[in-house]
Amino acid sequence: MGTLFYNGKIYTMANEGEYIEAVYVENGHIIKTGKEIHLSDTFSEHITKRIDLNGNVMYPGFVDSHLHLIGHGEKLIKLDLSELTSAEEMEHALREKADTLPSDEWLIGEGWNENNFIDRKIFHRQELDEISGGRPVLLSRVCRHAFLANTQALELAGITKETIDPPGGIIVRDKDGEATGLLHDSAAELVKKVVPEGSQNYLNQALKTSIKHLLSLGLTGGHSEDLSYYGYVERPLSAYRSVIDGEEIKFRAHLLVHHEAFEDFKNVKKEYELPFVEYGALKIFADGAFGGRTAWLSHPYNDAPETSGVSIHGDYELAKLVQKARDHHMNVAVHTIGDMALKQTIEAIKHKPAKEGRDRLIHVGLVDDELIADMKQLPAILDIQPGFVASDFPWLIERLGTERIPNAFPFRRLLDEGLICAGGSDAPIEPVNPLLGIFAAVTRRKPGETHEGYVPEQKLTMFEAISLYTIGSASAIMQEHVKGMIKEGYLADFTVLDRDLFSISEDEILESKVMFTIVDGDIVYENTGENDKS
């Protein structure tokens with residue numbers, strides 16, 4: 001009937017430094033916490049299973065507040081370009097992959113990042129023509145706000161010299177007006193629409209691969225947005241129904257609903273009321289990303305003064321989307337990286353404030369005093385990605401200049417101002433490992449670097465960093481009363497590591513191993529000595 005977890009150091013995360021000896025669980029909920037001997041005596045007739053933690057350290061289950069579950073699985077099973085450090089390596093990887101494909105199959109790659117290349121090279125469509133051997137090519141940048149397509153792909157999409165830029169997108173052109181193959185934001189949708197859809201089995205495989213990987217990294221749940229990228233909305237929903245069955249796989253998925261998928265989703269939602277899957281806010285993009293210079297700034301980019309980024313929606317259109325959410329008793333979750341995008345979003349929310357729940361401001365990459373003051377007046381949470389600090393600096397200094405950098409990803413200040421923050425990875429754009437996010441939050445540097453950190457005054461404490469992935473993620477969805485702490489009445493979701501994050505050096509954080517991942521009171525991952533730490 002019940003399970004006793006004992007013989008470990010169990011941090012409740014209710015208060016800093018607070019830990020207990022044992023937890024008694026029934027039917028997926030925490031019934032009682034305290035000393036092992038007391039719980040053993042009190043529930044002696046109900047305990048049917050005892051889980052020895054073997055001296056390891058238990059935390060509330062880590063939850064990633066922002067990722068793309070199916071996309072992360074695709075990255076694991078498709079061509080991953082994110083770790084390549086030169087244009088030569090990228091060319092070699094593309095040629096190698098092309099050689100394995102049938103002559104008419106698309107060459108699809110994920111995660112290229114020219115900022116990792118010494119020469120910052122971005123491939124031209126004609127170079128991709130030669131590399132691909134005549135196949136159509138579509139390569140997503142690490143930020144997923146820029147894409148590379150070759151000539152065949154552009155022709156299939158009907159993109160010519162006369163094609164105008166779609167709203168919220170840019171077709172990059174040469175001096176003669178011809179497309180170079182580089183597509184920003186919504187311009188890439190023209191090509192994506194002609195890429196053949198993967199099979200349902202492919203989506204199922206991608207989701208299952210993703211979740212198993214996340215469980216191995218100690219993640220008990222994740223807030224994802226997948227419903228608008230794979231054809232009709234029932235295709236990704238069917239994958240969730242197939243994969244998270246509550247038996248072989250338990251994982252708590254909270255799904256945002258992209259506004260373009262909303263009408264279709266609304267029509268089929270009742271058919272997809274699934275265990276361990278819930279549906280959340282209306283997802284909207286207000287701008288792009290710093291990497292491709294499409295984040296919408298109030299002043300031009302330091303290293304490209306001819307542009308201030310891309311606005312995805314006009315003020316009226318954004319206001320209509322917020323109103324649509326309110327009409328359906330929904331919150332909004334808005335991607336806002338640049339300060340101008342954040343300002344536009346705040347204004348739209350202020351005119352149509354949420355009557356229930358909390359809106360979600362995602363990324364919040366650049367702020368100022370006025371924006372912080374405005375955010376404090378909203379029923380909103382900030383969905384932040386500490387890993388961006390590790391990946392985006394120091395090239396972000398080139399983009400923004402030294403004057404604006406102190407206001408980029410200022411996590412310490414956001415918390416000090418009393419704003420609620422949740423922690424996510426934005427996988428597959430960044431590595432999904434929550435320990436990397438915790439490391440980045442407390443050090444503000446890349447693994448292996450030894451300096452004091454990028455804008456070091458914005459570092460978080462270990463308690464604050466872990467809280468982003470526990471009570472922070474719970475607060476994002478108004479579930480801080482049942483998730484995010486080890487406390488009576490809360491869900492029995494736990495992450496067990498081999499060491500105490502509160503008593504080790506910063507550099508040891510990433511050496512920690514996940515020993516158990518527990519969802520709904522059941523062990524869903526156990527370290528057998530071959531733990532995947534990627």
Side-chain angles (χ1 to χ4, degrees), residues 1-6 8 10-13 22-31 33 48-53 56-65 67 69 72-73 207-224 239-255 273-280 422-425 427 432-435 466 469-474 476-477 479-497 513-528 531-532:
M1 294 226 311
T3 302
L4 182 70
F5 295 90
Y6 69 99
I10 302 172
Y11 282 104
T12 67
M13 293 300 293
V23 179
Y24 175 66
V25 169
E26 282 184 9
N27 299 319
H29 286 77
I30 298 169
I31 303 299
T33 67
T48 54
K49 188 186 296 184
R50 293 172 180 266
I51 304 295
D52 187 346
L53 298 175
N56 292 303
V57 186
M58 178 186 279
Y59 308 84
F62 295 165
V63 174
D64 190 310
S65 68
L67 78 164
L69 279 166
H72 176 61
L207 182 59
K208 188 171 187 176
T209 301
S210 175
I211 291 176
K212 286 196 167 185
H213 185 226
L214 267 57
L215 292 172
S216 78
L217 296 173
L219 287 161
T220 61
H223 305 174
S224 185
Y240 277 95
R241 180 165 60 189
S242 171
V243 173
I244 306 178
D245 57 8
E247 295 177 6
E248 181 189 354
I249 291 182
K250 288 186 175 183
F251 181 87
R252 299 194 192 277
H254 179 93
L255 304 186
E273 294 177 353
L274 310 173
F276 299 98
V277 178
E278 59 191 20
Y279 305 104
S425 64
V432 74
N433 189 351
L435 292 173
I466 296 173
Y469 297 87
T470 51
I471 195 68
S473 291
I477 53 177
Q479 293 184 12
E480 61 267 38
H481 60 293
V482 291
K483 294 179 181 177
M485 291 188 283
I486 298 178
K487 191 174 178 180
E488 292 170 18
Y490 279 56
L491 295 177
D493 297 345
F494 313 121
T495 301
V496 181
L497 305 180
K513 291 183 172 59
V514 177
M515 305 310 293
F516 300 102
T517 305
I518 297 153
V519 178
D520 199 43
D522 292 330
I523 295 174
V524 292
Y525 169 80
E526 183 173 357
N527 190 330
T528 58
N531 191 28
D532 180 4

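No hydrogens, no waters, no symmetry mates; every other heavy atom, side chains included, goes into these values. Numbering of residues begins at 1 and proceeds along the displayed sequence. Given the structure is predicted, the values throughout are model-derived calculations rather than measurements.
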Set out, in order, the CA-CA distance, both residues' side-chain angles and the distance that settles side-chain contact (heavy atoms from CB on, under 4.5 Å) for Thr3 and Arg50, then state yes or no. CA-CA 6 Å; Thr3 302; Arg50 293 172 180 266; over 6 Å; no

Go through the steps for Thr220 and Thr495 under the test side-chain contact (heavy atoms from CB on, under 4.5 Å), then give the verdict. CA-CA 7 Å; Thr220 61; Thr495 301; 4.1 Å; yes

Is there a salt bridge (charged side-chain N to carboxylate O under 4.0 Å, His left out) between Arg252 and Asp520 once you walk through the steps? CA-CA 9 Å; Arg252 299 194 192 277; Asp520 199 43; 3.6 Å; yes

side-chain contact (heavy atoms from CB on, under 4.5 Å) assessment of Val519 paired with Asp522: CA-CA 5 Å; Val519 178; Asp522 292 330; over 6 Å; no

Let's go through Leu69 and Phe251 carefully: what are the C-alpha distance in whole Å and the side-chain angles of both, what is the deciding distance for side-chain contact (heavy atoms from CB on, under 4.5 Å) to 0.1 Å, and is it a yes or a no? CA-CA 11 Å; Leu69 279 166; Phe251 181 87; 4.0 Å; yes

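Here CG of Asp245 is found 9.5 Å from CZ of Phe276. Values are rounded to the nearest 0.5 Å. Atom CD1 of Ile486 is separated from atom CD1 of Ile30 by 6.0 Å, given to the nearest 0.5 angstrom. In this structure, OH in Tyr59 is found 11.5 Å from CD1 in Ile10, a value given to the nearest 0.5 Å. Atoms CE and OG1, on Met58 and Thr12 in that order, are 12.5 Å from each other to the nearest 0.5 Å. Rounded to the nearest 0.5 Å, atoms NE2 (His254) and CD1 (Ile477) are 5.0 Å apart. A distance of 8.0 Å separates CD in Glu273 from OH in Tyr279, rounded to the nearest 0.5 Å.
Although no hydrogens or angles enter the test, the distance criterion places no donor-acceptor pair under 3.5 Å between the side chain of Asp64 and the main chain of Gly222. Within the 3.5 Å criterion, the main-chain N or O of Asn27 finds a donor-acceptor partner in the side chain of His29. Judged purely by atom type and a 3.5 angstrom limit, Thr517 has no side-chain atom pairing as donor or acceptor with the backbone of Ser216. Between the Ser210 side chain and the His72 main chain, no donor and acceptor come within less than 3.5 Å of each other. In terms of modelled atom types and a separation under 3.5 Å, the side chain of Tyr11 and the main chain of Pro60 share no donor-acceptor contact. In this structure, the side chain of Thr48 engages the main chain of Gly2 through a donor-acceptor pair within 3.5 Å.
Residues Ile518 and Asp493 are not in side-chain contact: their nearest non-hydrogen atoms beyond the backbone lie 4.5 Å or more apart. Between Val432 and Leu217, some side-chain heavy-atom pair lies under the 4.5 Å cut-off. Considering only heavy atoms from C-beta on, Phe62 comes within 4.5 Å of Thr470 through its side chain. The closest side-chain heavy-atom distance from Tyr240 to Leu255 is below 4.5 Å. Side-chain contact between Val524 and Ile249: absent, with no pair of heavy atoms (C-beta onward) separated by less than 4.5 Å. Leu219 is not listed as a side-chain neighbour of Val63, based on a closest heavy-atom distance of 4.5 Å or more. When side chains are defined from C-beta on, Asn527 does not count as touching Val514, because their heavy atoms never get closer than 4.5 Å.
Ser65 approaches Gly424 most closely through the heavy-atom pair OG-N, 3.2 Å. When all heavy atoms are compared, the tightest approach of Leu497 to Leu435 is CD1-CD2, 4.0 Å. In this structure, Tyr490 and Glu480 approach most closely via the heavy-atom pair OH-O, 2.8 Å. Shown here for Ile466 and Met13, the closest heavy-atom pair between the two residues is CG2-CE, 3.6 Å. Residues Ile211 and Val243 share a closest heavy-atom pair of CD1-CG1, 4.2 Å. When all heavy atoms are compared, the tightest approach of Gly489 to Val482 is O-CG1, 4.4 Å.
With sequence neighbours left out, the side chain to side chain contact (heavy atoms under 4.5 Å, CB included) criterion links Glu26 to Tyr24, Ile31, His46. The salt bridge (charged side-chain N to carboxylate O under 4.0 Å, His left out) search around Lys483 returns Glu278, not counting sequence neighbours. Every side chain to side chain donor-acceptor pair (under 3.5 Å) that Ser224 has, sequence neighbours left out, goes to Asp226.
Contact check on Lys208 versus Glu248 returns a salt bridge, with a Lys/Arg side-chain nitrogen under 4.0 Å from an Asp/Glu carboxylate oxygen.
You'll find the ring centres of Phe5 and Phe494 inside the 6.0 Å limit.
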